[in-house]
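Residues take their numbers from the sequence shown, with the count starting at 1.
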Amino acid sequence: QAGYVNFGLAIIGDDYSGGNIQYLYVEKPIVTRISPLCGPTSGYTQLAIEGKNFIYFGKSVASCIFGGVVSMPAVIMNETLMYCDTPSVLDKFGNNVNNIQNYTIDITLNGVDRYSTNKTFIYYTQPSLQSISPLLGPLVGGTNVTVQGNNFNNGCQITCRFATMEVPGNLTENGTIICRTPAVTCPGETIVQVSLNGQQYTSNQYAQDSTLFTYYEDPIIAYTNPNAFPMTGGSDLNIYGSGFLFSRNTTTNKDETKRIAYKCRFKDEKTGKIIAISNATQESPHKIVCKPPAVNDTTDQISVQISPDGI
């Protein structure tokens, strides 16, 4: 039974000393959950350990033991939550010379008694980003972005981060990560990062255009000219409006390295079917030109939409 008992020491017979000393029996700590259970070989993934009977015995006493040999300090927040960091498995040159891929996790609350958590922590090589596609999308979010890079395996909680906003990610069969952009209020470029454990993200120190996502305000179509076309299609359709970006971050700077490739989408209003998607040419901040498709019926009512990202 948990609780305090008197402690004494007798050298001869019943002559005990230390009668004012008490010894505390505690319930065995039980771990129900540890998160995350994966992290980079560089270590210092913060583990949140949940359970019960986490008793505080004093400063710098509790710890986590990895692989039965590596001890890392733990912080007990309350009787149901404690934290500790994972150790690095890299040498001073950054190499995993012992090829350590996982560690079992034990805990101790008093520095003496160890308890198994029955959990295993998986190490992975820190991933890196190469490119994202598409490179831009609307402020309302919801754009599915495909992230390409290296070392996207062994993840346990794949997450994408757009600036400071985190969203879930999914690993595809071809080794890319797909995540959906969150909504924002202001247009502009944001740094994209990924994490395999929802905590430690890829570096943004060398962020390039290929890994920056641009939010844009929806372009507004004022009118089109002409409004009727031959069934064979192919004539120029002039679309006038506002918000037609030349490049990823401005309406006026004709930056060819970031030039936006607009597309026109034609939809049959009777059936709701998309009948064609074609490339468009932007002639000014207020004019885009595209070519309507051929149709089978002169009574077809065809609507047109434009998209800076082709989605």
Side-chain angles (χ1 to χ4, degrees), residues 131-148 162 167 172 174 176 178-190 192 209-311:
S131 64
I132 63 172
S133 178
L135 293 170
L136 66 166
L139 297 178
V140 295
T143 302
N144 285 325
V145 174
T146 298
V147 182
Q148 293 185 325
F162 293 79
V167 294
T172 67
N174 60 8
T176 61
I178 294 179
C179 46
R180 181 167 293 185
T181 60
V184 298
T185 56
C186 298
E189 292 182 340
T190 61
V192 179
D209 286 344
S210 60
T211 58
L212 294 175
F213 184 84
T214 299
Y215 282 97
Y216 62 78
E217 292 181 315
D218 285 338
I220 299 174
I221 297 178
Y223 64 96
T224 60
N225 181 40
N227 292 319
F229 296 91
M231 293 176 57
T232 55
S235 303
D236 284 348
L237 171 63
N238 301 308
I239 303 173
Y240 298 92
S242 61
F244 299 165
L245 300 180
F246 262 123
S247 65
R248 285 170 54 186
N249 56 4
T250 178
T251 58
T252 58
N253 177 21
K254 298 181 181 181
D255 184 348
E256 295 297 333
T257 62
K258 298 184 181 181
R259 190 69 180 268
I260 291 175
Y262 279 87
K263 291 185 180 295
C264 289
R265 184 168 65 180
F266 296 90
K267 183 172 70 172
D268 188 330
E269 287 300 308
K270 292 181 180 179
T271 64
K273 180 181 178 181
I274 303 300
I275 59 175
I277 296 177
S278 63
N279 294 327
T281 302
Q282 184 179 10
E283 295 190 351
S284 77
H286 306 289
K287 181 182 179 182
I288 287 176
V289 179
C290 55
K291 297 184 181 298
V295 296
N296 298 321
D297 190 337
T298 56
T299 63
D300 286 349
Q301 295 293 316
I302 307 300
S303 65
V304 61
Q305 298 170 306
I306 59 173
S307 173
D309 58 6
I311 302 301

In Å, rounded to the nearest 0.5 Å, how long is the span from [atom1] of [X] to [atom2] of [Y]?
| X | Y | atom1 | atom2 | result |
| --- | --- | --- | --- | --- |
| Asn238 | Ile288 | CG | CD1 | 11.0 Å |
| Ser133 | Ile178 | OG | CD1 | 10.0 Å |
| Ser303 | Ile275 | OG | CD1 | 8.5 Å |
| Ile132 | Thr146 | CD1 | OG1 | 10.0 Å |
| Ile277 | Gln305 | CD1 | CD | 9.5 Å |

Shortest non-hydrogen contact from [X] to [Y]?
| X | Y | result |
| --- | --- | --- |
| Phe244 | Pro285 | CB-O, 3.2 Å |
| Tyr262 | Gly243 | OH-O, 4.0 Å |
| Ile239 | Cys290 | CD1-SG, 3.8 Å |
| Tyr215 | Cys186 | CB-O, 4.2 Å |
| Pro292 | Phe266 | CA-CZ, 3.6 Å |

Residue pairs, two or more places apart or on separate chains, that pass side chain to side chain donor-acceptor pair (under 3.5 Å) and touch residues 271-280:
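Sorted pair list: Lys263-Asn279.
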
Identify all side-chain donor-acceptor contacts of residues 217-228 below 3.5 Å with residues at least two apart in sequence or on another chain.
residue: Thr224; atom: OG1; partner: Asn227; partner atom: OD1; Å: 2.9

Do side-chain atoms of [X] reach the backbone of [Y] as a donor and acceptor pair under 3.5 angstrom?
| X | Y | answer |
| --- | --- | --- |
| Thr181 | Thr143 | yes |
| Gln301 | Lys270 | no |
| His286 | Gly241 | yes |

We want to know whether Gln148 and Thr176 form a side-chain donor-acceptor pair, criterion being a heavy-atom distance below 3.5 angstrom.
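The criterion, which ignores hydrogens and geometry beyond distance, is not satisfied for Thr176 and Gln148.
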
Non-neighbouring partners of Lys291 that pass salt bridge (charged side-chain N to carboxylate O under 4.0 Å, His left out), sequence neighbours left out
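Result, salt bridge (charged side-chain N to carboxylate O under 4.0 Å, His left out) vs Lys291: Asp236.
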
